[in-house]
There are 2 protein chains.
Amino acid sequence: MTIKDIARLSGVSVSTVSRVLNDHPDVSEEAKEKVLAVVQEYNYIPNTSARELGKTSSDNIGVVVRGLSNPFYTKIITEIGSGIEKAGYTMVMQQIAAGEDEIMTAAKMERDKKLQGLIFLGGNLDYTKERMTSINVPYVCCTFNNQYGTLDKSDYSSVCIDDNQAAYDAVEYLVNEGHRKIVVLLSGVEDGSVSQVRFAGYKRALKDFGIQLDENLIIEINSFNIADAYSGMKDWLKKNREFTAVFAISDNMAMGAMKALREAGKKMPDDVAVIAIDGIEASEYMNPVLSTLCQPMEKMGSEAVKLLVDIINGKSTYRHVILPTTLREGETLK
Amino acid sequence: MTIKDIARLSGVSVSTVSRVLNDHPDVSEEAKEKVLAVVQEYNYIPNTSARELGKTSSDNIGVVVRGLSNPFYTKIITEIGSGIEKAGYTMVMQQIAAGEDEIMTAAKMERDKKLQGLIFLGGNLDYTKERMTSINVPYVCCTFNNQYGTLDKSDYSSVCIDDNQAAYDAVEYLVNEGHRKIVVLLSGVEDGSVSQVRFAGYKRALKDFGIQLDENLIIEINSFNIADAYSGMKDWLKKNREFTAVFAISDNMAMGAMKALREAGKKMPDDVAVIAIDGIEASEYMNPVLSTLCQPMEKMGSEAVKLLVDIINGKSTYRHVILPTTLREGETLK
DNA sequence: CTGAAAGCGCTAACAA
DNA sequence: TTGTTAGCGCTTTCAG
């Protein structure tokens, strides 16, 4: 069943069929009805590849998401989706696994789908100028920026929180409660991920508050997994080191740590305070409720779209938006 | 940059370029090197649409997943992915939102990607024979079957747990602990979803154990959301009805309910026991750890692939696999 | 081992 | 308002 068959069956030309299928004006009601009837009857489904191939342009905006099911992105994606729709564009989303190359994916997508623009969600912080030349449409990095890369500020746009400052703030909250022995739970110190940036904020805060950085209070795990955080914390606890608070660089990791702490008989927040960054829904259902610095997910999504669309329409050039976090008091901070 | 340019630039024909791009044999080392060099130099990326359009067949297996980020599916997807790879096929995954039509999506995909077979993850239980005629390759329903539809058993295959029995078992565990006033937390009684099947299991168990179904102990919410479960439970608690246990039809909902119970001052499992079905990772990090009947996620994924591949290769016809659940004791049951 | 050429199923000028 | 036709960028016979 191709467009040709439909044309023949409904007694019109393929172009007419194409026109009704694409809601073009300049088609008589009569022709329209005939075609639609045949389409219905034979359950005709146009071939996407042919369609995309033939098209000279599109109003597609691509979204490349790293991570198959990061709950943290769900809200942002929803917001991005409706924002794109509202702006009159069509969202084309591609999720990629941790190991895959988002730039390659984006470059392919740009050509295949004839994108007008791109949004990266959860990419790396170390894009190089050279690699980005394969992307020829405007793009905005959402939830991260290019801290470790070689891009000029003017080569791209971004929407994110100030991760370094958020970590600083988290530590400050703890210090204000009188804590000095603050464990930090992070993933790969030098992994070039957001973990590194937040760790830097932790160190900066310690310095500012006159606390010596203690290597013994650093728990480094190899992922952002809740399970790994759990076992990482558990193993560390066996060392029996003194501490009164934990700063986890993500909610997810904090959740794993909390279980380990609980099993070790530590009461939160009395024996040990816990604070993290992210503000995902799940951590709100923990017992006790996790105290954390929330990223403004909806706002991030809508800002990213607004920014991108402005750039596409020439109403704006590159821009770097930094959004504030808000403290969820929770029950692990006191 | 098209294949033609590459051909010209490397002094061979387009067919030769196509051959090296597709790893065909029958290409001289020399030609191969030349082409690859040019491809590298110009950073050429073949157009996917054109590729798919020209192709006469593929070794693609499609996976249609309902729900953008259901953590419950993550493990299954991973397993399906590696299973498909191992079998020498290529996975093409498409995630669709709650409102979208998975059959339409699958039908499009089948034609566009020239699929050999399909796996549905988390679809509905009420497919009609008529609608499924648009799918012309073998498919297996994973995590659900066609309980409410009009398909013949021989029209499809499935891999899932016995949801009715799982609910029955859950209630039985509670009854064995002496509970008689068992609240059930479910989504839309007549929604045709798995909620309905599990509710049926709940009722069957009550009957078998001589407990009168009490309408006052049914909490019905409109989604599977943790937040809705929380507020649903909270509202219900205001009614001050007597009960000693809660059976939630999903882990997620149980997690919401637990928070409401906690806030109402109910200790688990002493004041009230809680049990659910699913066994997602997050519920293992709750405090107390949720007692639940775990679905064998990895097994479900691998079985689904094995079954589908067998059918594709003519080594098997339709089959309906029912996998056992296992109890995670947890801390909410006693 | 290689190339020419005919599609794949659609869209989009261009005429009519 | 409609039809004709030339692509879109690739794969795949079929000769050579």
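In the text below, chain A, chain B and the rest are named by the order of the sequence lines, each starting its count at 1.
- Rounded to a whole Å, the CG atom of D5(A) is 11 Å from the P atom of dC8(C).
- For DNA chain C, the neighbouring residues in residues 27-35 of chain B, judged by any heavy atom under 4.0 Å, are V27(B), S28(B), A31(B).
- Electrostatic pairing of E52(A) and K114(A) does not count as a salt bridge here, judged by no charged N lying under 4.0 Å from a carboxylate O.
- The structure places CG of D5(B) at 5.0 Å from CZ of R8(B), a figure rounded to the nearest 0.5 Å.
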Can you check salt bridge (Lys or Arg N to Asp or Glu O under 4.0 Å) on K129(A) and D155(A), steps first, answer last? CA-CA 8 Å; K129(A) 209 158 177 161; D155(A) 286 341; 3.5 Å; yes
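- Using bins of under 30°, 30° to 60° and over 60° for the plane-to-plane angle, the ring pair Y139(B)/Y156(B) lands in the parallel bin.
- The closest side-chain donor-acceptor pair between T48(B) and D112(A) falls under 3.5 angstrom.
- With 3.5 Å as the limit, one finds no donor-acceptor pair spanning the side chains of T105(B) and D101(B).
- Y127(B) and E102(B) share a donor-acceptor pair across their side chains, judged by distance under 3.5 Å alone.
- A donor-acceptor contact under 3.5 angstrom links the side chains of R319(B) and S316(B), judged on distance only.
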How does protein contact run along nucleotides 5-16 of chain D, one letter per nucleotide 5' to 3', with B for base contact, S for sugar-phosphate only, - for none, heavy atoms under 4.0 Å? B--BBSSB----
